[in-house]
Protein chains: 2
Amino acid sequence: MKLNAGVEWVLHTCLNLGWIEEDTREGASTARLAAFYHLPPAYLGKQLQALVRAGILTSTSGPRGGFRLARRLEDISVLDVVTAIEGRTNAFECTQILHDGPGANPATDYRTVCAVSQTMSRADLAWRRELASETLADIRDRVLTFSPGAPRQTRAWFENTRA
Amino acid sequence: MKLNAGVEWVLHTCLNLGWIEEDTREGASTARLAAFYHLPPAYLGKQLQALVRAGILTSTSGPRGGFRLARRLEDISVLDVVTAIEGRTNAFECTQILHDGPGANPATDYRTVCAVSQTMSRADLAWRRELASETLADIRDRVLTFSPGAPRQTRAWFENTRA
DNA sequence: ATATCCTGGACATTACCTATCCAGAATTTC
DNA sequence: GAAATTCTGGATAGGTAATGTCCAGGATAT
């Protein structure tokens, strides 16, 4: 039960894009976004492509191209981002082993009926609900409280490495 | 982000043990517990050993030996079982990529400070809290409501395959 | 003594995550 | 129009963890 490392990467990357766009009204390329944290560029690119497919980012090809936020941080929940990378699979996947036990009804879908499955589903639901209740803007605001200089520092880095 | 399959196996197995012990005051061997759902015996054995180490089951060697519940279903939370199999690792593991970004403080533990990490930790906490709030007795009672014949049917199977 | 059964470790297999590379298309710049 | 930049999608390789098997050893009941 471990999330893809990409979840951490893209959450931070989206926050960075928020600060960049506030300033320059431009996006950033995979290469520079990856260099910011010394992440493998090609692999981060895969994750960003997933965000584009999920409608969280937009991309443009060519020089001066790159990725931008498709909407405001207020309108992107953490769950949106997690789901884009991780898919909709639950941590607990009911394999319906009751079907292999005595007295099983072949027509029954134990994913909805089985009491064990129900309990585990509720836990997964609680996890998702928690992530759905927080937006990237909420996270950004908490970053600002803890380290107010973060936006300026991030913008400066992207400007200085522009060439 | 997927739980070990063993979680499903041992949750159902613990419920079966509950019904068996109500009746015969005896445990059941790995071989028979596995046969009940056509699970690989040796691998289920590994999972049951983990439950013994966690203090959820007790085991006895030799003929008529096997596994028994170490305490009542009322006193075993679903989280206890999940943790025994899965360990205490969270779904989201903060790799502190902020340490690799500009302006990082090498002395800072970003697992507690980073706003992204905090959000993801809260979600994991909500998941655990949900699992901790439910006991195996709760699940058993819901099974009884849905299929009152389950205990009798399970006991019958274990008695008939006794030899 | 013998048969049963758990224990722990070693080992093989499989699946998935991580990561790279490349050809192709889109876009800007000159 | 040519060249450089950048995203896109697919193919592929490597690594790690989950899955599954096997066996020697110890414990226990008959």
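Quick note on labels: first sequence line is chain A, next is B, and so on, each numbered from 1. Since the model is a prediction, treat every value here as computed from it, not as a measurement.
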**Item:** Protein-nucleotide distance (Leu3(A), atom CG; dA17(D), atom C1'), rounded to Å
**Value:** 15 Å
**Item:** Presence of salt bridge, Arg111(B) and Glu93(B), under 4.0 angstrom
**Value:** no
**Item:** DNA chain D: 5'-proximal contact among Met1(A) and Ala31(A) (nearest heavy atom)
**Value:** Ala31(A)
**Message:** Any side-chain N or O of Thr60(A) below 4.0 angstrom from OP1/OP2 of dA26(C)?
**Reply:** no
**Asked** Counting side-chain heavy atoms from CB outward, which of dT7(C), dA29(D), dC22(D) is closest to Val52(B)?
**Response** dT7(C)
**Prompt:** Quick check: does any side chain N or O of Arg32(B) sit under 3.5 Å from a backbone N or O of Phe158(B), one acting as donor and the other as acceptor?
**Reply:** yes
**Request:** Provide, to the nearest angstrom, the distance between the CD atom belonging to Gln47(A) and the P atom belonging to dG9(D).
**Result:** 14 Å
**Request:** Would you mind reading off the distance between Ile97(A) atom CD1 and dT19(D) atom P, rounded to a whole angstrom?
**Result:** 13 Å
**Asked** Applying the ring-ring contact (aromatic ring centres under 6.0 Å, His included) test to His12(B), which of Phe36(B), Trp19(B), Tyr37(B) qualifies?
**Response** Tyr37(B)
**Item:** Residues Glu159(B), Arg152(B): salt bridge by 4.0 Å N-O rule
**Value:** no
**Complete:** Asn4(B) atom CG is separated from dA15(C) atom P, nearest whole Å, by 16 Å
**Prompt:** Which nucleotide in the list dT30(D), dG20(D), dC7(D) gets nearest to the side chain of Phe67(A)?
**Reply:** dC7(D)
**Request:** Round to a whole Å and report the spacing from CG of Leu44(B) to P of dC22(D).
**Result:** 16 Å
**Message:** From the set dT28(C), dC22(D), dT6(D), return the single nucleotide nearest to any side-chain atom of Ser29(A).
**Reply:** dT6(D)
**Asked** Within the structure, does a side-chain N or O atom of Arg53(A) lie under 4.0 Å from either OP1 or OP2 of dG9(D)?
**Response** yes
**Message:** Both Lys2(A) and Gln49(A) contact DNA chain D. Which one's nearest nucleotide lies toward the 5' end?
**Reply:** Gln49(A)
**Prompt:** Quick one: Arg64(B) CZ to dC5(C) C1', roughly how many Å, whole number?
**Reply:** 13 Å
**Message:** Measuring from the side chain of Ala5(B) (C-beta onward, heavy atoms only), which nucleotide among dT19(D), dT7(C), dC22(D) has the closest atom?
**Reply:** dT19(D)
**Item:** Between dG8(C) (P) and Lys46(B) (NZ): distance, integer Å
**Value:** 9 Å
**Request:** On DNA chain C, check which nucleotide each of Ser61(A) and Trp9(A) is closest to and give me the residue with the more 5' one.
**Result:** Trp9(A)
**Minimum-distance nucleotide to Ser59(A) side chain [options: dC7(D), dT7(C), dC22(D)]** = dC7(D)
**Student check: side-chain heavy atoms of Lys2(B) and Met1(A) closer than 4.5 Å** = no
**Message:** Considering every strand and a 4.0 Å limit on heavy-atom distances, what is the contact class for Gly66(B): base, sugar-phosphate, or nothing?
**Reply:** sugar-phosphate
**Request:** Tell me which nucleotide among dT7(C), dA4(D), dA19(C) gets nearest to the side chain of Pro63(A).
**Result:** dA4(D)
**Complete:** note: Leu48(A), atom CG; dG9(D), atom P; distance rounded to Å ~ 13 Å
